[in-house]
Amino acid sequence: MSGPLSLEPGGVEADTLALRLTAPRPRRAPDDAPPAKRLPGRGPEEEAVSTLAAGLADSIAPAVHPYEVAALLEAEGLSTSVIKERYGHPNLFSLATALYERVPRTFPEPPPATDLWRPDTLRCLLRGVLFALPALAYLLTAPLWPLVRHAPVLIVAGIASWAWGQALGHRAHLRLVSGRREASGTLLSGSLLGAAVATSLAVLPADSAVAVWAAAAQSLYLAAASVLLVLARERLLLAALSPLIAGAVALPWWEPGPELRAGLTLLALLATLLAAALVLRAGRSGPAASDAARPRLLASLPYGLFGLAAAVLVMLEGRRQPYMVIALTLSMGPAEWLLYRYRGWSVAALRASATPVGFMLRSAAVLGLCLSAYLLLLLPAALLTGSDPATPLLLAVVLWTALLLQAFGVAWPPAVLCLAAAAAAAVTLPDLPPGPAVLPAACAVTAVCLTACAIHRLGRPSPHA
């Protein structure tokens with residue numbers, strides 16, 4: 001919908017009736033007196049008029065005035081001489097009046113409103129799976145090196161890659177408006193720089209070359225995967241990860257050995273890098289936009305800050321309930337589906353509302369429905385993976401409402417609120433595990449604030465118009 005709240009209860013027929021009642025009286029043309037007078041020889045001419053009326057019935061039936069029929073006849077190329085000789089009428093307006101009177105008025109039903117925000121369910125579910133599949137690399141390579149010992153190195157690199165990827169993804173989507181070539185250039189330079197930054201930060205806590213190489217491989221994979229996901233090449237990424245999937249699936253029945261474990265992981269990494277390179281090369285070969293304007297770097301800053309905060313919060317929850325992180329990662333696919341559903345249902349609520357207050361209530365109900373569906377999806381995992389199911393559910397509310405606000409261009413409030421929550425929860429980092437009250441309290445306060453912000457910002461018609 002591109003306008004204010006819909007207030008027309010009578011639909012199309014009421015609108016047409018209003019047009020009839022308010023239509024200006026037609027001015028009489030010089031040769032339009034009297035319109036009903038016809039030339040002699042009415043038999044064949046009357047039959048010709050009937051034939052013409054039958055042929056043009058679909059176009060004449062919705063007309064609200066004979067002048068519309070006259071315009072149609074003009075478009076058909078009927079000249080005055082043809083009208084006189086073939087149809088027995090003195091002029092165009094006389095014939096139009098006769099056709100208007102012969103054809104009953106029928107007004108077609110308006111086409112059903114299309115849902116522009118209908119999600120691609122399979123694609124959303126696939127994206128959730130793709131977010132979690134890289135964990136198979138740690139499963140395959142766990143016997144080859146002290147994974148627990150070098151976990152801080154991978155966590156630092158992962159947090160940096162998450163924050164950088166959020167900002168880069170936002171900037172690339174802005175560049176996609178100008179064209180795929182501009183977006184490909186942004187992704188190429190940004191992903192390489194992001195991988196370098198993440199690896200450099202991982203060097204600080206590293207105590208061996210193995211840890212640095214592992215952090216570099218992880219950063220390169222996340223950079224390449226981000227490229228494929230931003231450019232909607234999910235199936236290509238799934239194909240690139242097929243060696244990793246095959247090796248992990250075979251583990252319960254077959255021991256592949258150290259060489260094959262490392263080889264399958266390396267093969268999946270190289271396939272992902274190659275796929276990203278080919279996609280970027282194809283995009284760079286496209287036409288350049290002559291008037292492409294570079295978006296400001298600061299526009300993507302809040303998205304990167306939110307990515308940093310979200311990574312810290314998920315990492316802290318992972319220290320308390322490791323398996324819950326897998327559930328949260330897999331749930332990102334359904335979360336994306338619900339984001340699309342929220343937008344579609346909000347547009348439907350806007351069409352059904354007659355007042356701003358009514359729309360705010362409907363919008364709040366849609367928000368509650370989407371949040372409830374998301375939490376119900378995570379509830380079994382929260383109950384099975386730990387003794388504190390409330391904290392991961394509160395964290396899920398924080399992540400989903402923040403992503404919802406970002407989808408509507410409200411970037412700074414979720415970034416600031418999530419950073420504050422991450423900072424408060426990170427105070428417990430020296431303790432193992434984190435204190436029992438800090439993380440849940442931080443998530444609870446942030447969830448309430450983000451939900452209130454969503455109701456306030458998105459409970460108005462303008463963001464949905």
Side-chain angles (χ1 to χ4, degrees), residues 120-145 147 151 154-155 157-158 160-162 164-166 168-169 172 184 187-188 190-192 194-195 198-199 213-283 311 314 318 322-323 325-337:
D120 185 341
T121 303
L122 181 60
R123 179 170 176 260
C124 290
L125 294 177
L126 177 58
R127 287 173 69 88
V129 172
L130 289 173
F131 292 147
L133 279 179
L136 297 178
Y138 306 119
L139 180 65
L140 272 177
T141 59
L144 306 181
W145 62 305
L147 180 60
L154 298 178
I155 290 174
S161 296
W162 194 337
W164 189 278
Q166 286 288 112
L168 179 61
S184 297
L187 287 170
L188 176 60
S191 59
L192 292 176
T199 304
W213 281 109
Q218 174 185 271
S219 302
L220 284 172
Y221 168 79
L222 291 176
S226 296
V227 169
L228 295 174
L229 290 173
V230 169
L231 297 179
R233 304 303 296 269
E234 292 86 3
R235 290 179 175 84
L236 187 57
L237 178 57
L238 181 64
L241 291 176
S242 57
L244 203 62
I245 300 171
V249 168
L251 282 180
W253 301 278
W254 173 58
E255 170 54 47
E259 295 81 6
L260 196 54
R261 283 176 178 267
L264 290 174
T265 306
L266 182 60
L267 181 60
L269 172 62
L270 294 177
T272 304
L273 293 174
L274 178 61
L278 292 176
V279 170
L280 289 176
R281 180 183 179 185
V314 171
Y323 291 105
V325 175
I326 300 176
L328 281 170
T329 304
L330 288 171
S331 75
M332 287 295 103
E336 187 172 332
W337 187 90

Got a second to check how far E255's CD is from L260's CG, nearest 0.5 Å? 9.0 Å
Indicate the atoms forming the closest heavy-atom contact of S184 with L280, along with that distance. O-CD2, 3.6 Å
Do any side-chain atoms of residues 128-142 form donor-acceptor pairs under 3.5 angstrom with protein atoms, and if so which ones, sequence neighbours left out?
| residue | atom | partner | partner atom | Å |
| --- | --- | --- | --- | --- |
| Y138 | OH | Q218 | OE1 | 2.3 |
| T141 | OG1 | A137 | O | 2.8 |

Rounded to the nearest 0.5 angstrom, the CD-CG distance for E234 and L122 is 9.5 Å
Please find the pair of heavy atoms, one from A216 and one from T199, that lie closest to each other, and give the distance. CA-OG1, 3.5 Å
So which atom in L125 and which in P334 form the shortest heavy-atom distance, rounded to 0.1 Å? CD2-CG, 4.2 Å
Which pair of non-hydrogen atoms, one from P256 and one from L251, has the smallest distance, and what is that distance? CD-CD2, 3.6 Å
CZ of R235: more than 12 outside heavy atoms within 6.0 angstrom? no
Indicate yes or no for a side-chain donor-acceptor contact from R127 to the backbone of M332 under 3.5 Å, with no hydrogens or angles considered. no
Taking atom CG of L266 and atom CD of E259, what is their separation to the nearest 0.5 Å? 13.5 Å
Of all heavy-atom pairs between V230 and A172, which one has the smallest distance, and what is that distance? CG1-CB, 3.9 Å
Y221 and L241: CA distance, side-chain angles, deciding distance, side-chain contact (heavy atoms from CB on, under 4.5 Å) verdict: CA-CA 11 Å; Y221 168 79; L241 291 176; 3.4 Å; yes
Applying side-chain contact (heavy atoms from CB on, under 4.5 Å) to L269 and T265, what does each step give before you reach the verdict? CA-CA 6 Å; L269 172 62; T265 306; 5.9 Å; no
Using atom types as modelled and distance alone, determine if a side-chain donor or acceptor of S161 lies under 3.5 Å from a backbone N or O of G158. no
State the CD-CG distance between E336 and L126, to the nearest 0.5 angstrom. 10.5 Å
Give the minimum heavy-atom separation between A225 and T272, together with the two atoms involved. N-CG2, 4.1 Å
Atom CG of L264 and atom CD1 of I245: how far apart are they, to the nearest 0.5 Å? 11.5 Å
Assess whether side-chain contact (heavy atoms from CB on, under 4.5 Å) is satisfied between S191 and L168, documenting all intermediate values. CA-CA 8 Å; S191 59; L168 179 61; 4.2 Å; yes
Just by distance, do the side chain of S242 and the backbone of L238 share a donor-acceptor pair under 3.5 Å? no
Find the distance between OG (S219) and CG (L154) and round it off to the nearest 0.5 Å. 9.0 Å
If the condition is ring pair (Phe, Tyr, Trp, His ring centres under 6.0 Å), which residues does W145 pass it with, not counting sequence neighbours? H150
